[in-house]
Amino acid sequence: MLHTSIEEIAKYNGKEVKLQGWLYNLRSSGKIHFLQVRDGSGFIQGVMVKNDVGEELFNKVKEMSQESSVTVEGIVKEDHRAPSGYELSITNVELVHKADEYPISKKEHGTDFLMDHRHLWLRSPRQVAIMKIRDTLVKATRDFFHKDGFTLVDAPILTPSSCEGTTTLFETDYFDTKAYLSQSGQLYMEAAALALGKVYCFGPTFRAEKSKTRRHLIEFWMIEPEMAYVEFEENLQIQENYLTYIVEEVLEHNKKELEVLDRDLTKLESIKAPFPRITYDKAIELLQEKGEDIKWGDDFGAPHETIIAEQFQKPVFVTHYPTKIKSFYMKPDPQRPEVVLAADLLAPEGYGEIIGGSERISSLDLLMERVEQENLPLDAYQWYIDLRKYGSVPHSGFGLGLERTVAWVCGLDHIRETIPFPRMLNRMYP
Ligand code: ATP
Ligand code: MG
Ligand code: MG
Ligand code: MG
């Protein structure tokens with residue numbers, strides 16, 4: 001008999017196959033069992049008729065509990081009403097392991113309960129769909145950058161200093177000194193860009209975010225490209241093309257998953273480069289017109305970002321932020337040094353900032369000035385300063401948060417569902 005997966009089932013129409021998986025759901029009438037089986041690659045409905053399989057097997061299946069592991073044999077039948085397009089006419093079922101009473105049922109569970117059972121919750125069609133889309137976004141990311149001549153370079157996780165401010169640092173002992181979990185691989189990518197031209201890192205980053213929001217995790221994955229000889233404008237174009245590409249890939253490969261998530265496809269189909277832009281100055285004016293209590297020089301909160309993004313159908317770049325609210329490595333606009341050549345990309349539908357990017361400072365003098373203004377420890381940053389001494393070039397880069405992007409593409413209310421085992425302010429279990 002042919003051993004296959006549900007994902008591949010279309011190839012076996014009319015044939016008898018064997019599937020290995022779990023019993024997701026069992027409904028029975030007196031003479032027929034409807035078994036919903038999942039195997040990780042998909043879900044399929046199997047129909048077992050008492051008169052066909054005999055009383056003994058039929059009664060054995062009746063005892064099988066939800067999430068029991070099972071081997072199922074049956075004939076594949078095309079069925080347009082079935083979600084997968086196919087049904088299985090079951091000839092045999094073998095129990096591999098009988099599951100205890102399964103704690104997650106079809107009824108509504110509270111968030112804490114689901115999070116406590118995250119190791120089981122992951123099996124649901126909705127969570128499986130999210131993980132599949134996350135996987136597509138990762139693969140599409142790698143494909144996009146490799147097609148465009150980038151090299152993947154890994155950044156260290158243990159670092160001697162902070163990249164994105166000291167308030168969200170995780171500190172740990174490093175023999176007789178201190179180390180910090182990486183908040184961003186960017187500074188290392190700048191070094192790598194001077195070695196390899198176009199590079200990116202993609203790894204976990206850590207921030208001790210002390211406020212509870214729907215868009216901040218403590219541990220999240222960031223994609224950080226860095227490019228030598230690329231200036232502000234070209235950096236934005238690469239971001240637009242990148243985001244357009246990964247959304248297209250999800251639309252192409254995850255139709256089924258987007259349907260499980262009930263995602264409004266028109267919201268994604270319109271995501272095509274170029275994206276609109278608004279300067280920070282104009283964004284402040286807009287917020288003031290809308291009655292927000294904000295003045296030039298303030299950073300945006302989540303509600304501000306939502307109001308700005310609502311004005312547009314696509315992601316929007318907010319450009320030229322005040323220098324004093326952005327990181328020390330961002331290049332001040334030579335025409336107007338009180339703002340930097342930086343842009344945040346805000347996702348539509350209230351998902352907030354998904355990318356932060358900028359041209360970096362390439363002048364040694366200017367960098368030293370900024371390092372002093374920010375009181376950064378010189379010894380920890382000496383290697384970074386060195387980069388401006390040996391063949392410095394204009395260069396730019398950005399960081400895209402994978403989980404924010406998953407939340408937006410999937411249309412989720414909260415970032416906790418975007419990563420298999422989320423780390424949050426009040427949660428590190430399981
Ligand atoms: P925010 O303003 O939302 O706190 P940030 O400006 O601190 O974000 P950056 O340092 O610019 O974030 O990091 C780049 C990207 O990483 C962000 O645009 C976002 O997509 C993602 N990101 C940042 N912090 C988090 C977090 N705590 N959880 C998940 N993603 C994050
Ligand atoms: Mg932040
Ligand atoms: Mg920000
Ligand atoms: Mg940012």
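It should be emphasised that the depicted structure is a prediction, and the values quoted were computed from it without experimental measurement. All ligand and atom numbering here is 1-based and tracks the order in the structure.
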**Item:** Option from Leu243, Leu400, Val318 for which side chain to side chain contact (heavy atoms under 4.5 Å, CB included) with Leu345 holds
**Value:** Leu243

**Message:** Which residue and atom name correspond to the protein heavy atom nearest atom 1 (P) of ligand 1, and how close is it?
**Reply:** His216 NE2, 3.6 Å

**Prompt:** Charged N to carboxylate O below 4.0 Å: is that the case for Arg214 and Asp413?
**Reply:** no

**Asked** For the ring pair Tyr329 and His395, is the centre-to-centre distance below 6.0 Å?
**Response** no

**Side chain, backbone, both or neither: Gln183 near ligand 1, heavy atoms under 4.0 Å** = neither

**Item:** Centroid-centroid distance, Tyr180 to Phe170, less than 6.0 Å
**Value:** no

**Item:** Heavy-atom nearest neighbour in the protein, as seen from atom 29 (C) of ligand 1, with distance rounded to 0.1 Å
**Value:** Phe220 CG, 3.5 Å

**Sole residue of Lys198, Gln186, Arg360 in side chain to side chain donor-acceptor pair (under 3.5 Å) with Glu226** = Arg360

**Message:** Can you report which non-hydrogen protein atom sits closest to atom 18 (O) of ligand 1, along with the distance?
**Reply:** Glu353 OE2, 2.8 Å

**Request:** Look at the N, O or S atoms of Glu353, main chain and side chain alike, and state whether any lies under 2.8 Å from the Mg ion (ligand 3).
**Result:** yes

**Message:** Can you confirm whether or not the ring centre of Phe300 sits under 6.0 Å from the ring centre of Tyr280?
**Reply:** yes

**Prompt:** Got the closest protein heavy atom to atom 14 (C) of ligand 1, with its distance?
**Reply:** Met222 SD, 3.4 Å

**Prompt:** What atoms of ligand 1 come within less than 4.0 Å of a heavy atom belonging to Glu209?
**Reply:** 24 (N), 26 (C), 27 (N)

**Request:** Return the residue, atom name and 0.1 Å-rounded distance of the protein heavy atom closest to atom 28 (N) of ligand 1.
**Result:** Leu217 N, 2.8 Å

**Asked** Backbone, side chain, both or neither: what part of Arg207 comes under 4.0 angstrom of ligand 1, heavy atoms only?
**Response** side chain

**Asked** Can you list the ligand 1 atoms lying under 4.0 Å from a non-hydrogen atom of Gly356?
**Response** 18 (O)

**Prompt:** So, Arg336 and Asp281, do they make that salt bridge, N to O below 4.0 Å?
**Reply:** yes

**Per-residue contact class, Arg404 against ligand 1 - non-hydrogen pairs under 4.0 Å** = side chain

**Cation-pi check, Arg388 onto Tyr384 ring (under 6.0 Å, within 45° of axis)** = yes

**Prompt:** Counting heavy atoms only, which part of Ile355 comes closer than 4.0 Å to ligand 1: side chain, backbone, both or neither?
**Reply:** backbone

**Message:** Tell me whether ligand 1 is touched by Glu403 - counting only heavy atoms on the residue side and a distance under 4.0 Å.
**Reply:** no

**Asked** Is Arg38 close enough and on-axis enough to Tyr24, meaning under 6.0 Å and within 45°, for cation-pi?
**Response** no

**Prompt:** Does any donor atom in the side chain of Thr141 or Tyr242 lie under 3.5 Å from an acceptor atom in the other side chain?
**Reply:** yes

**Prompt:** For ligand 1, which atoms have a heavy atom of Gly399 less than 4.0 angstrom away?
**Reply:** 14 (C), 15 (C)

**Message:** I'd like to know if Arg215 contacts ligand 1, where contact means a heavy-atom distance under 4.0 Å to any ligand atom.
**Reply:** yes

**Prompt:** Mind checking whether Ile354 has an N or O less than 3.5 Å away from an N or O of ligand 1?
**Reply:** yes

